[in-house]
Amino acid sequence: MAFRLFDLNDPQRTAVTTTEGPLLILAGAGTGKTRVITARAAYLIHNGTPPEAILAVTFTNKAAKEMRERLATMIEPLRAKKVTMSTFHALCVRILRSDAERLGYKNNFAIYDEGDQMGLIKKLITRLSARDEKLDPNLAKNLISKAKNDGHSAPAEEKNLISAVFAGYQRELKTLNAMDFDDLLLQTVKLLSEHPEALEKWRKRFTHLMIDEFQDTNRLQLELIAFLARRHDGSRPNICVVGDDDQSIYGWRGAEVSNILEFEHHFPNPVVVKLEQNYRSTTAILNTANSIIKHNPRRRPKSLWSDKEGGEKVRIVQMPDDRQEAQWVAEDIHQRHVVSCEPWESFAVLFRMNAQSRLIEENLRRMQVPYRLIGGRSFFDRREIRDVLAYASTLVNPHDDVCLLRIINSPARGIGEKVVERALEHSIHQKTSLFTALSDPSFTDQLTDRSRRAIGDFFSLIDRYETSVSQPFSNPATELTALLNEIDFFPDLHRGCKTPEEGLSRETNVRDILADLDRFRQRSSEGLRGFLDEMALDRDREQDEEKEQGSGVTLITLHAAKGLEFPHVYLVGLEEGIIPHERSRMEGNVDEERRLLYVGITRAMKTLNITWCRGRMKWGSAAPCNPSTFIKDFAPENIEHVDLFKLQNTPVTEQAAKASFADMFSAIEKL
DNA sequence: CCCGCTGTGATTTTT
DNA sequence: TCACAGCGGG
């Protein structure tokens, strides 16, 4: 055998070797899920399934990448490469790039990220609202997203502001030849349901489907899968889904736990495999996790077990306030690092909201502890990055108004606000893009010579680079750099900064992304369009140097931590209103918060510290806090309650002191 | 046309 | 506390 089935436990082996018909793998946290998926792909190929007929879908690019890399170690890398392993969104882009014309889009459609989306929504709200009407753009965005994920591509009727905004938003996206994240799914499903030829093509292509994190799929995603899985000849679909209903934490984004809870309903008579042996955590940690999750109704019954007996008890530490919490976490990590020689990478601090990371960061920095903050405010939200990407995007598709508006007068080139405003009106009137409107003589004739010349110059700039970028062997990175130099982008960037350091850091950001583009060209043939797709869909770029060397303590939200594991975990802010979050209590989603906590706990391998504060700074002033209601659900035998005040004031026993010194000496001797 | 200031309002999670 | 938007001045 090219790979080793005997490394798998019994249920894992069943999962891997069940290759035909629907298969539901209920994989608890830390039960070797990724291993099973990749082993199954390898097994399929080994038994004659062509690699290109296998489709494995995940939610994050990181997971897709990890699976690709692992598979490449199990079978010949050349064959592994042929397996399609991608996210839902990337898969949709691939399908739509080849077939979007059937839906009336051009296949060079733009992908709108959240920023673009918000820009458009805000614009529509101001355009459509009456004098005293107000609508929170963020709320509007969420409502529209929810509607789309339920399969609605337009409101039933346009009677109120929100539905008018929704309708206008969809219309405008279509005329801009753009899709947002939800459209990628929605339009793909539309394509497959309305165009049998397209459906047949993709159905034939993929004969074996695997879906990871199935508990996070929403309605559209299930529909998409069902379309691809259903066999033309009526035979049973070869669909394998892997998931854990206890780790369903994306309900707020439209995920339907029912997809996994009622899998049999969608794909009758599946083989059901449960993976219950956890290879990650000690029993103390695992039992704590189990004691929490068992309070949830509506679960697939399962019980995780581990043979890592005992281990340190889970500590629940009570803190006076959030400052001391952060300080204690930093100190405890530091101490453990020094005493037990644990590398910084073994530690993670988990929190509910990104805002909580700030204090932790400060304290780690103060103690010179290296750390990396995952997520948070994105690289791509930076002005300079968005500007450069908007230039790139305009070269690919100048009819994308949002991008064009962004760059048309930045750096300033004499196309003022008033001219742009009139051009927009003209474009709405003529039902054309802004780009077309700006070149329409019936519009430009009304302008002053100066404005007309400015527009003419800008057009010739775009035109020249558009041409050179579309040459077969062009180097987009070089071209884009030349364009930026021609418009004095960098001097202008520096001019807009308060300090030289800021200017330098912004310039570095831009240089980084240009380097990324160059690297992309070397590994892909998808051109500038492909690069922009990747930028839109794969937002977490890793700094290569950091990846090689140790990168430090991980600071991460509970959501983003799913799928990861760390020897030592600190779970902070376990207070009522934070976990469970106030909002979920109001909306009646406390079960999901419990699952979120469950996910957090099950990240820990060896030790777990949970902290809560009696008070916390909120909007600049101190507010009292209560411990989370979840705390009372912890099974008492595995936990140890600690009060920071007592901890600091307990006299050190001789024995403990000796043990601690012995640890230190042995640590020093190792050096 | 650009910059800085002031006041206001907001904090869930993200492909 | 902080971030951002809108306004007023240079």
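Order of the sequence lines fixes the chain letters, A, B, ..., with proteins taken first and strands second; residue numbering starts at 1 for each chain.
Between A:D212 atom CG and B:dT15 atom C1' there is a gap of 14 Å when expressed in whole angstrom units. Atom CG of A:L220 and atom P of B:dT15 are 18 Å apart (whole Å). Rounded to whole angstrom, the span from the CG atom of A:L186 across to the C1' atom of B:dT15 amounts to 15 Å. Rounded to a whole Å, the NZ atom of A:K148 is 21 Å from the P atom of B:dT14. Atom NZ in A:K141 sits roughly 11 Å away from atom C1' in B:dT13 (whole-Å rounding). One atom, CZ of A:R585, and another, P of B:dT13, lie 19 Å apart when rounded to the nearest Å. When the P atom of B:dC2 is taken as reference, atom CD1 of A:I415 falls 13 Å away, rounded to whole Å. One atom, CG of A:N61, and another, P of B:dT14, lie 14 Å apart when rounded to the nearest Å.
Here A:N409 lies in heavy-atom contact (under 4.0 Å) with sugar-phosphate atoms only. Across all strands, A:R358 comes closer than 4.0 Å only to sugar-phosphate atoms, never to a base (heavy-atom distances).
A donor-acceptor pair is defined here as one N or O able to donate and one able to accept, closer than 3.5 Å; no such pair exists between the side chain of A:R594 and the backbone of A:V590.
Take A:F520 and apply the ring pair (Phe, Tyr, Trp, His ring centres under 6.0 Å) test, not counting sequence neighbours, and it matches A:F531. The side-chain hydrogen bond (donor to acceptor under 3.5 Å, both in side chains) test applied to A:T611 returns A:E325, not counting sequence neighbours.
Contact check, A:S584 against B:dT13: no side-chain N or O comes under 4.0 Å of OP1 or OP2. Put simply, A:N354 has a side-chain N or O that comes within less than 4.0 Å of OP1 or OP2 on B:dT13.
B:dT13 and C:dC4 have their C1' atoms separated by 22 Å, with the value rounded to a whole Å.
Each of A:Q117 and A:K618 was assigned the nucleotide of DNA chain B with the nearest heavy atom; the assignment lying further toward the 5' end belongs to A:K618.
You cannot call A:Y250 stacked on the base of B:dT14; the centres under 5.5 Å and planes under 30° rule is not satisfied.
Listed here is the closest heavy atom pair of A:V510 and A:L484: CG1-CD1, 4.1 Å.
Ring geometry, A:Y250 versus A:H559: the interplanar angle falls from 30° to 60°, so the pair is classed tilted.
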